[in-house]
Amino acid sequence: MTDHPRIPLAGVIGHPIAHSRSPALHGYWLQRYGIKGHYVPLDVAPADLAHVLQTLPLMGFVGVNITIPHKEAILQIADVVTDRAALIGAANTLIFRKDGRIQADNTDGAGLIANLRQNAPHWQPGSGPAVVFGAGGAARATVAALIEVGVPEISIANRTRPRAEALRSDFGAKVIVSEWVQAANMLDGATTVVNTTSLGMTGKPEFRVPLDGLNPRAVVTDLVYTPLMTQFLIEAQAKGCTIVDGLGMLLHQAAPGFERWFGQRPQVDDATRRAVLSA
Ligand code: NAP
């Protein structure tokens with residue numbers, strides 16, 4: 001009997017999903033490394049998510065990325081949730097294991113740190129306090145990752161204060177909560193500054209917290225990557241700060257999933273950026 005090895009399939013599940021850049025990214029890597037595999041966008045309504053996830057492995061899927069609006073709900077469906085995903089309260093990467101179990105992980109924080117290390121090589125997380133604007137899902141991944149790499153203290157401000165308070169109670173005394181209207185006061189002395197709000201994204205209101213207090217030594221990054229150069233980054237650059245755009249985080253958070261599914265650690269480099277930006 002001839003052995004027919006299955007072509008590995010992966011994809012990204014969201015609702016809607018047409019805007020996702022993940023298919024272009026993974027498609028580029030598959031082609032670059034000559035891997036026989038496919039990565040497809042999957043538009044799945046919340047009510048169908050559990051059922052779809054049961055059937056995907058039967059079709060040859062080895063895993064998927066999970067995006068809005070499923071990132072939190074997936075934790076109730078997965079069989080195994082990594083400590084990191086449980087702490088963050090959301091997952092973005094699923095592995096369909098050989099034992100039939102679905103494992104959920106969150107790679108956003110690792111993507112943030114890899115992006116900072118690659119594009120601000122002098123960045124020293126322990127060199128001073130951090131400021132995080134926002135307290136949504138991306139902020140939770142950001143705070144978890146910053147604590148893990150040794151940031152001594154993180155000041156957070158969010159429009160809806162109870163969401164920021166929840167971060168403090170989940171992540172502990174290193175987290176300090178400020179009022180959103182006083183967010184600018186947090187900047188004094190900060191050496192890492194992260195915008196995790198959706199402000200500044202194409203189609204959303206502009207980020208308006210005054211950045212006068214920014215220390216020029218600070219490394220400043222925006223999770224928003226459409227546009228690549230947000231007003232937040234433009235102002236930080238004008239202050240003399242090292243700035244890192246959010247596209248690199250998107251690329252880096254995708255790498256662990258690609259490696260698990262297709263057996264090759266992909267490079268995140270200029271060619272990868274160009275491939276995604278031109279798609
Ligand atoms: P989310 O859970 O919906 O959180 C949105 C955040 O933005 C909350 O803190 C929210 O404050 C704040 N916000 C929204 N509108 C606001 C307004 N008008 N004024 C003040 N604050 C406002 O979303 P998320 O998943 O954390 O994502 C946040 C951003 O990060 C998005 O732009 C997303 O595309 C980006 N992201 C990028 C990457 C990457 O790889 N680069 C990865 C993940 C996320 P409230 O709590 O008051 O609503």
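No hydrogens, no waters, no symmetry mates; every other heavy atom, side chains included, goes into these values. Whatever order the structure lists ligands and atoms in, that order sets their numbers, starting from 1. In this text, all values refer to a predicted model and were calculated from it rather than measured experimentally.
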(request) Could you check if a side-chain atom of V209 sits within less than 4.5 angstrom of a side-chain atom of F133, using non-hydrogen atoms only? (result) yes

(message) If the cut-off is 4.0 Å to any non-hydrogen atom of G137, which atoms of ligand 1 fall inside it?
(response) 2 (O), 26 (O)

(request) Starting from atom 27 (O) of ligand 1, locate the nearest protein heavy atom and write down its residue, its atom name and how far away it is, to 0.1 Å. (result) A138 CB, 3.8 Å

(request) Could you list the atoms of ligand 1 found under 4.0 angstrom from a heavy atom of G136? (result) 2 (O), 4 (O), 9 (O), 26 (O)

(message) List ligand 1 atoms under 4.0 Å from G134, heavy atoms only on the residue side.
(response) 9 (O)

(message) Tell me whether D43 at atom CG has more than 12 heavy atoms from other residues, nucleotides or ligands lying less than 6.0 Å away.
(response) yes

(request) Among residues two or more places apart or on two chains, list those pairs meeting ring-ring contact (aromatic ring centres under 6.0 Å, His included) that have a residue in residues 157-178. (result) none

(message) Can you name the atoms of ligand 1, numbered from 1 with element, that are less than 4.0 Å from a heavy atom of Y225?
(response) 41 (N)

(request) Check ligand 1 against V224 and write out every atom of the ligand that is under 4.0 Å from a heavy-atom position of the residue. (result) 32 (O)

Output a table of donor-acceptor pairs, distance under 3.5 Å, between side-chain atoms of residues 265-279 and any protein atom two or more places apart or on a different chain; print 'none' if there are none.
unit_1, atom_1, unit_2, atom_2, d
R265, NH1, E259, OE1, 3.0
D269, OD1, R32, NH1, 3.1
D269, OD1, A271, N, 3.4
D269, OD1, T272, N, 3.0
D269, OD1, T272, OG1, 2.7
D269, OD2, R32, NH1, 3.3
D269, OD2, R32, NH2, 2.8
T272, OG1, R32, NH1, 3.4
T272, OG1, Q267, O, 3.1
T272, OG1, D269, N, 3.3
R273, NH1, D245, OD1, 3.3
R273, NH2, D245, OD2, 2.7
S278, OG, R274, O, 2.9
S278, OG, A275, O, 3.4

(request) Run down the list L250, L251, T142, T196 and name the one with the heavy atom closest to atom 29 (C) of ligand 1. (result) T196

(message) Could you work out, for atom 41 (N) of ligand 1, the closest of L223, V209, T197, N158 by heavy-atom distance?
(response) L223

(message) Has T191 got a side-chain atom pairing as donor or acceptor with G128's backbone, closer than 3.5 angstrom?
(response) yes

(message) When you measure from atom 23 (O) of ligand 1 to the protein, is at least one non-hydrogen atom found at a distance under 4.0 Å?
(response) no

(message) Would you say V244 ends up clustered with L233 if hydrophobic residues are merged whenever their side chains have heavy atoms under 4.5 Å apart, either directly or through other cluster members?
(response) no

(request) Considering only protein heavy atoms, determine whether one is less than 4.0 Å from atom 20 (C) of ligand 1. (result) yes

(request) Specify side chain, backbone, both or neither for M249, according to which of its non-hydrogen atoms lie closer than 4.0 Å to ligand 1. (result) both

(message) Can you report which non-hydrogen protein atom sits closest to atom 18 (N) of ligand 1, along with the distance?
(response) R159 NH1, 3.2 Å

(message) Between S20 and S22 (side chain of the first, backbone of the second, donor and acceptor by atom type, cut-off under 3.5 Å), is there such a pair?
(response) yes

(message) Under a 4.0 angstrom heavy-atom cut-off, which atoms of ligand 1 come close to W180?
(response) 20 (C)

(request) Using distance alone, decide if ligand 1 has a nitrogen or oxygen within less than 3.5 Å of any nitrogen or oxygen in L199. (result) no

(request) If the plane angle is over 60° it's perpendicular, under 30° parallel, otherwise tilted; pick one for F258 and W29. (result) perpendicular

(message) Suppose I only count heavy atoms of A135 and a 4.0 Å limit; which atoms of ligand 1 are within that range?
(response) 9 (O)

(message) Taking the basic N atoms (NZ, or NE/NH1/NH2) and the acidic carboxylate oxygens, is any pair closer than 4.0 Å for R161 and E165?
(response) yes

(request) Flag K71 as yes when one of its N or O atoms lies below 3.5 Å from any N or O atom of ligand 1, and as no otherwise. (result) no

(request) Could you tell me if the ring centre of F232 sits under 6.0 Å from that of F207? (result) yes

(message) Going by the closest heavy atom to atom 14 (C) of ligand 1, which one wins out of G246, A139, S198, P69?
(response) S198

(message) Under a 4.0 angstrom heavy-atom cut-off, which atoms of ligand 1 come close to M201?
(response) 32 (O)

(message) Does the protein come close to atom 3 (O) of ligand 1 - that is, does one of its heavy atoms sit below 4.0 Å from that atom?
(response) no

(request) Using distance alone, decide if ligand 1 has a nitrogen or oxygen within less than 3.5 Å of any nitrogen or oxygen in T160. (result) yes

(message) Under 4.0 Å between a side-chain nitrogen and a carboxylate oxygen: does that hold for D79 and R97?
(response) no

(message) Do T221 and L112 make a side-chain contact, defined as non-hydrogen atoms from C-beta onward lying under 4.5 Å apart?
(response) yes

